[in-house]
J.: 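What follows is a single structure, and I will ask about it in a moment.
Small disclaimer: the values here were computed from a predicted structure and weren't measured. The chains referred to below are lettered A, B, ... by the order of the sequence lines, with proteins before strands, and numbering in each begins at 1.
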Amino acid sequence: MPNILVVEDSPTMRQLISFAMRRVPNSRVIESTDGVDALKKLSNEKIDIILADINMPVMDGLKLVSLIRNNDAFKEIPIIIITTEGAEEDRKRALALGADDYLPKPIQTQQLVKMVKDYLGIKA
Amino acid sequence: MKEEIPILRKAEEFLQIFRKGEEFTKSLLKENERLRFRVAELEEELAQSTNESRIKNYKERIRMLEAEIASMKDRFNEVERENKDFAKRYIEVEEENNNLANLYVASYQLHSTLDYEEVLKIVLEIIINLIGAEVFAILLVDEKNNRLIPVAAEGMDKDSIPEMEIDSGLIGEVVTEGEGYFSDEMVRLKEIDPRNPIVCIPLKIKEHVIGVIAFYSFLIQKTSFSSIDYELFNLLAGHAATAIFSSRLYTQSERKLSTIQGFLELLRDKPGK
């Protein structure tokens with residue numbers, strides 16, 4: 001059963017992403033409101049993929065990506081960034097820090113579902 | 001001599017019989033030859049007629065198989081067309097499904113609380129995350145003074161937005177007409193004029209306009225409006241209006257209730273003192 005960690009401060013986006021992830025077979029969504037909370041969840045649960053926002057209180061998404069990529073226990077986990085920052089330089093910055101993919105808001109949920117399935121090796 | 005004559009006669013008779021036998025044998029041989037020839041002829045005819053009928057049969061079979069292939073090709077093309085239609089329909093249904101999920105989430109969030117400030121925050125969140133707006137403001141009608149008061153904004157300072165007359169300008173027109181305004185192009189103005197949004201939608205409870213959402217700029221990746229955007233605009237026009245209105249009333253009534261309770265407690269305490 002793949003565990004999907006959704007790191008997002010907006011309850012609306014958290015609900016929307018969790019709702020979309022119902023289409024990933026047998027998956028379980030674990031929600032986090034910021035980077036610090038996400039790191040706690042990572043320590044307590046086996047996470048298969050992370051969907052993270054950039055602009056969040058306490059710890060932003062980019063800092064979270066950087067910490068995860070520098071931690072041997074978590075560095076292999078795929079990370080997809082979902083953000084309002086749509087400029088090319090923001091994308092490049094996130095990918096350079098170690099994010100695997102970058103999806104600007106407003107998102108097409110079918111695109112996100114496909115991406116997650118691809119990273120988890122689930123055939124459509 | 002007399003004895004010789006019967007012997008000769010008998011010999012002659014025997015010879016004749018023999019000759020007849022010879023003739024008969026010859027005629028039998030001839031007949032046999034003729035019959036053999038006829039048999040050979042018939043066999044050849046029969047062989048020829050079998051080949052022709054086989055060829056005829058094969059030709060018929062080929063014709064039938066060709067017809068069958070043609071019919072199967074037609075069926076295959078038909079199934080392929082159907083497949084394409086189904087694939088197209090599947091994409092449409094999936095898109096519709098996603099749109100409905102967006103609308104469900106937006107509607108669910110809007111009615112998840114009666115706290116006025118929280119409702120305003122949720123409206124801002126929906127607009128940022130689901131529509132992709134960057135700079136926008138929510139203005140509510142102050143019916144006592146016939147003015148539009150800014151109550152929340154994103155991407156700009158709320159205090160930089162002036163109060164506006166409800167019967168003048170582009171925003172005033174949206175309030176009086178109750179119809180949304182959409183500019184022809186999603187222009188990104190360098191300087192934002194609070195009185196001239198690029199999109200303005202009324203917040204309506206039935207036909208009563210309680211305010212507007214004015215959009216001044218959209219995210220860089222948002223280059224056009226999709227059908228779901230218009231659905232969300234409609235949803236916001238109705239559901240956000242109800243949520244804002246009811247939460248404002250609830251918050252006001254809560255405030256009034258605590259004031260009245262305070263007074264009652266004061267009155268109760270007074271006679272005892």
J.: Under a 3.5 Å distance rule, please check whether B:Asp229 uses its side chain to pair with a backbone N or O of B:Ser226 as donor and acceptor.
T.: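 Present.
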J.: Is it the backbone or the side chain of B:Ile131 that comes under 4.5 Å from a heavy atom of chain A, or both, or neither?
T.: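 Just its backbone gets close to chain A.
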J.: For the side chain of B:Thr251 and the backbone of B:Ser247, is there at least one donor-acceptor N/O pair under 3.5 Å apart?
T.: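 Indeed, once roles are kept as given, a pair shorter than 3.5 Å links the two residues.
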J.: Taking atom CG of A:Leu5 and atom CD1 of A:Ile47, what is their separation to the nearest 0.5 Å?
T.: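 So the gap between those two atoms works out to 4.5 Å.
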J.: To the closest 0.5 Å, what do you measure between CG (A:Asp100) and OH (A:Tyr119)?
T.: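 Here the rounded value is 4.5 Å.
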J.: Relative to chain B, which of A:Ile107, A:Thr84, A:Val113, A:Thr83 shows the most heavy atom pairs under 4.5 Å?
T.: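 Highest number of pairs under 4.5 Å: A:Thr84.
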J.: Just so I understand: if I count every heavy-atom pair under 4.5 Å between each of A:Gln110, A:Glu85, A:Gln108 and chain B, which residue has the most?
T.: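 Sorted descending by pairs with chain B, the first entry is A:Gln110.
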J.: Can any side-chain N or O of A:Arg69 pair as donor or acceptor with the backbone N or O of A:Lys75 at less than 3.5 Å?
T.: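 Yes: the side chain of A:Arg69 pairs with the backbone of A:Lys75.
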J.: Among all residues two or more places apart in sequence or in another chain, which pass the salt bridge (Lys or Arg N to Asp or Glu O under 4.0 Å) test with B:Arg255?
T.: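 Per chain and number, B:Arg255 pairs via salt bridge (Lys or Arg N to Asp or Glu O under 4.0 Å) with no residue.
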J.: Within residues 14-28 of chain A, which positions have a heavy-atom distance to chain B below 4.5 Å?
T.: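 From residues 14-28 of chain A, the residues near chain B are A:Gln15, A:Leu16, A:Phe19, A:Arg23.
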J.: Just give me the residue among B:Ile128, B:Ile122, B:Asn102 that pairs up with chain A most often, heavy atom to heavy atom, under 4.5 Å.
T.: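 Looking at each of B:Ile128, B:Ile122, B:Asn102 in turn, B:Asn102 comes out on top.
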J.: Is A:Asn3 reaching over with its side chain to a backbone N or O of A:Lys46, donor-acceptor style, under 3.5 angstrom?
T.: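 The answer is yes, because a donor-acceptor pair under 3.5 Å joins these two groups.
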J.: Once you measure the plane-to-plane angle for B:Tyr108 and B:Tyr104, does it fall in the parallel (<30°), tilted (30-60°) or perpendicular (>60°) bin?
T.: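 Tilted, since the angle between the ring planes falls between 30° and 60°.
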